Amino acid sequence: MKDKYQNEERYFKAKKRVEEIKGFYGNLIAYIIVNIGLLALNLVTSPNHLWFFWPLMGWGIGVVIHGMIVFNYMPFLRKDWEEQKIKEFMEKEKENQRKDNWI
């Protein structure tokens, strides 16, 4: 029975991870399509003033940060990092208590 719940939990975590990756790729595809459209619009309407760089850079920074979070290149921004640190500090506290009991 316990294995069933563990399997379900792993399944839902994996499904959530797939949804995060899918969300990133959706964001990336929208970024590419919209910015190609903005480039075309900019070149047709005012080729002497290239303004399409501003939304390209702004949204691009967001896409890069989104990708770094999804693919865990910035683990300190993820909830998993918080949980891992809490467990780490709890283990250190447990070790300190054991050492204090031996003295």
Side-chain angles (χ1 to χ4, degrees):
M1 192 70 165
K2 189 176 182 180
D3 288 337
K4 179 183 175 186
Y5 291 120
Q6 288 176 341
N7 285 338
E8 285 182 18
E9 185 178 338
R10 286 196 308 260
Y11 171 79
F12 286 118
K13 282 184 179 181
K15 185 175 180 178
K16 182 182 177 201
R17 183 83 175 112
V18 168
E19 291 295 323
E20 289 173 351
I21 293 170
K22 227 168 71 171
F24 168 73
Y25 285 126
N27 188 6
L28 181 63
I29 290 168
Y31 169 78
I32 292 168
I33 291 170
V34 169
N35 281 295
I36 288 172
L38 289 175
L39 169 65
L41 180 67
N42 184 189
L43 293 177
V44 168
T45 59
S46 57
N48 296 332
H49 177 68
L50 299 178
W51 51 261
F52 80 95
F53 283 116
W54 298 111
L56 181 85
M57 287 189 313
W59 192 356
I61 291 169
V63 168
V64 168
I65 292 171
H66 188 187
M68 291 173 78
I69 291 170
V70 167
F71 295 108
N72 210 16
Y73 289 116
M74 292 185 354
F76 53 87
L77 291 180
R78 294 187 55 85
K79 187 176 181 178
D80 296 348
W81 176 82
E82 291 178 20
E83 292 172 7
Q84 184 180 1
K85 280 296 179 187
I86 290 170
K87 287 178 184 176
E88 181 182 321
F89 290 138
M90 289 173 65
E91 286 297 319
K92 283 183 181 179
E93 183 64 29
K94 190 186 250 185
E95 286 295 319
N96 288 339
Q97 286 178 352
R98 285 183 195 154
K99 288 178 184 177
D100 289 342
N101 289 339
W102 285 99
I103 294 177

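Not measured: the values here are computed from a predicted model. Along the sequence shown, residues are numbered consecutively beginning with 1.
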Would you indicate whether the side-chain heavy atoms of [Y] and [X] approach each other to under 4.5 Å?
| X | Y | value |
| --- | --- | --- |
| V44 | L41 | no |
| L43 | L50 | yes |
| K94 | M90 | no |

Atom [atom1] of [X] and atom [atom2] of [Y]: how far apart are they, to the nearest 0.5 Å?
| X | Y | atom1 | atom2 | value |
| --- | --- | --- | --- | --- |
| M57 | F52 | CE | CZ | 10.0 Å |
| Y25 | K22 | OH | NZ | 13.5 Å |
| L38 | F53 | CG | CZ | 12.5 Å |

### Message
Closer than 3.5 angstrom, by distance alone: can the side chain of Y73 be matched with the main-chain N or O of I65 as a donor-acceptor pair?
### Response
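A pair under 3.5 Å: no.
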Kindly give the heavy-atom pair with the smallest separation between [X] and [Y], and that separation in Å.
| X | Y | result |
| --- | --- | --- |
| N35 | P55 | OD1-C, 4.0 Å |
| S46 | W51 | OG-NE1, 3.4 Å |
| N42 | H49 | ND2-O, 2.9 Å |
| P47 | T45 | CD-C, 3.8 Å |
| V70 | F24 | CG2-CB, 4.1 Å |

Give a yes or no on whether a salt bridge exists between [X] and [Y], defined as a side-chain N under 4.0 angstrom from a carboxylate O.
| X | Y | value |
| --- | --- | --- |
| R17 | E20 | yes |
| K13 | E9 | yes |
| K92 | E95 | no |

#### Entry: Shared hydrophobic cluster, V64 / I61 (ILVMFWY, side-chain heavy atoms < 4.5 Å)
yes
